[in-house]
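Letters A, B, ... are given to chains in the order of the sequence lines, protein chains preceding strands, and every chain is numbered from 1.
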2 protein chains.
Amino acid sequence: MKQRSHPHDEGQHLTEQLGATGLRLTPQRQQVYDVLLHKRDHPTAEEVFIRAKKAMPEISHATVYNCLDALVKSGLARQVNVERGATRFCPNMIEHGHFHCSACGTIYDVDLPREIPCVAVPRGFRADGFDVTIHGLCADCAKKK
Amino acid sequence: MKQRSHPHDEGQHLTEQLGATGLRLTPQRQQVYDVLLHKRDHPTAEEVFIRAKKAMPEISHATVYNCLDALVKSGLARQVNVERGATRFCPNMIEHGHFHCSACGTIYDVDLPREIPCVAVPRGFRADGFDVTIHGLCADCAKKK
DNA sequence: GTCAAGATTTAGAATAATTCTAAATTGATT
DNA sequence: AATCAATTTAGAATTATTCTAAATCTTGAC
């Protein structure tokens, strides 16, 4: 598990990944990405802002949100929650997963396979449930594309 | 798939489930639960508030949040996001899951099994990724209990 | 090189989501 | 009836996120 790779390669990689989504690599995006790589503790946008500000004092709030969006859109980072904004609720306690349509935002219940392979949690951890969320396009939105 | 069960049994069931967590069944909690059961479209707290208000005009915002918390805590409803509040980010694009410690809130990366059984998405849906989140207690918090 | 078009950043305002507070109410218990 | 704890209420406060308009930067066409 190497923490840092060749600095050159990284810029290259970022440029490519962002480019494939029609976005540019900017110093701010680089910085925000570096913050994420540097301490992998799933920081909030606010945390990222605070950390990025140390190396780049003029960076703004909005830019951090923008950069995080850019990184997520181009597959360089993941957002731990299903989506930003309001939390959603569901009374279905039977084991099932959620399908989140990235176009219209609707969330559908989906069946999970009978056989759920057990996930190894670290020693000493006690698991008592799990969630599965699938991302993609629902039938309607897939058709429109 | 029955939508409604015997009204009596339901009150009974709610009382038991809530009771097991040291909580009471109140008319407001009943109402909020009914809203969730009535239209299973993963509403936000605000949506639940609006719907509950129709049958119970004096219900307040804070109560809806309180009731949703109570239902989630006692296993009568699920919260679709990992947790309320700020969204978190992670630069690890290698397939992995997240472990969310419900005591301290920390999120840990966990390995997923090699063999991921394919999940059947409804006809016409196009999936392009998924997230797995496990809930429980991390080693430190499990020890403290 | 220069210029126009478009992307990006900035500060700060605006909005949305959630939590907090203090007083009133309810219910169960003595 | 008095007491205690849980719950609800309205509304304020806080936190998270998005928006806005102006400034800056890049890129590509000339």
*Any donor-acceptor N or O pair under 3.5 Å, side chains B:R78, A:H98*: no
_Using the side-chain heavy atoms of B:E58, tell me which of these nucleotides is nearest: D:dT7, D:dT9, D:dC19._
D:dT9
*Rounded to the nearest 0.5 Å, how far does SG of A:C101 lie from CD1 of A:I134?*
13.0 Å
*asked:* Can you measure B:H61 atom NE2 to D:dT14 atom C1' for me and round it to whole angstrom units?
replied: 14 Å
*Grab the CZ-C1' distance between A:R29 and C:dT8 for me, whole Å please.*
7 Å
*Grab the CE-P distance between A:M56 and D:dC25 for me, whole Å please.*
12 Å
*Pick the nucleotide of DNA chain C nearest each of A:P57 and A:G22; which residue has the one closer to the 5' end?*
A:G22
*For B:Q28 and C:dT26, is the shortest distance between a side-chain N/O and OP1 or OP2 below 4.0 Å?*
no
*Report which part of the nucleic acid A:T26 touches: base, sugar-phosphate, or nothing (heavy-atom distance under 4.0 Å, all strands).*
sugar-phosphate
_For B:C67 and A:T44, find the nucleotide of DNA chain D closest to each by heavy atoms; which residue's nucleotide sits nearer the 5' end?_
B:C67
*asked:* Measuring only between side-chain heavy atoms, which start at C-beta, is A:F89 closer than 4.5 Å to B:V72?
replied: yes
_Taking the minimum atom-to-atom distance to the side chain of A:S60, which one of C:dT9, D:dT17, C:dA11 wins?_
C:dA11
*Between B:D109 and A:H42, is any pair of side-chain heavy atoms under 4.5 Å apart?*
yes
*Is the phosphate of C:dT19, meaning OP1 or OP2, less than 4.0 Å from a side-chain N or O of B:Y65?*
no
*Measuring from A:L68:CG to A:R29:CZ, what's the distance to the nearest 0.5 Å?*
10.5 Å
*Heavy atoms, side chains only, cut-off 4.5 Å: are A:L112 and A:F130 in contact?*
yes
*Of the listed nucleotides C:dT18, D:dT9, C:dA11, the one nearest the side chain of B:A45*: C:dT18
*Just checking A:E46: base, sugar-phosphate only, or nothing, at a heavy-atom cut-off of under 4.0 Å?*
nothing
*Nearest-Å distance, CD (B:Q31) to P (D:dT8)?*
12 Å
*Atom-to-atom span, CZ of A:R84 to P of C:dT18 - whole angstrom*: 14 Å
*Would you indicate what A:A86 reaches in the nucleic acid, counting non-hydrogen atoms under 4.0 angstrom: base, sugar-phosphate, or nothing?*
sugar-phosphate
*When all nucleic acid strands are considered with a 4.0 Å heavy-atom cut-off, which category describes B:T87: base, sugar-phosphate, or nothing?*
sugar-phosphate
*What is the distance from CD of B:Q30 to C1' of D:dT8, rounded to the nearest Å?*
17 Å
*A:N66 side chain: which of C:dT9, C:dT10, C:dT18 is closest?*
C:dT9
*Nearest-angstrom distance from the residue atom CG of B:L68 to P of D:dT7*: 15 Å
*Once you round it to whole Å, what is the distance between C1' of D:dT24 and CD1 of A:I59?*
15 Å
*asked:* I want to confirm an ordering. Mapping B:D69 and B:R24 to their closest nucleotides on DNA chain C, which one lands closer to the 5' end?
replied: B:D69
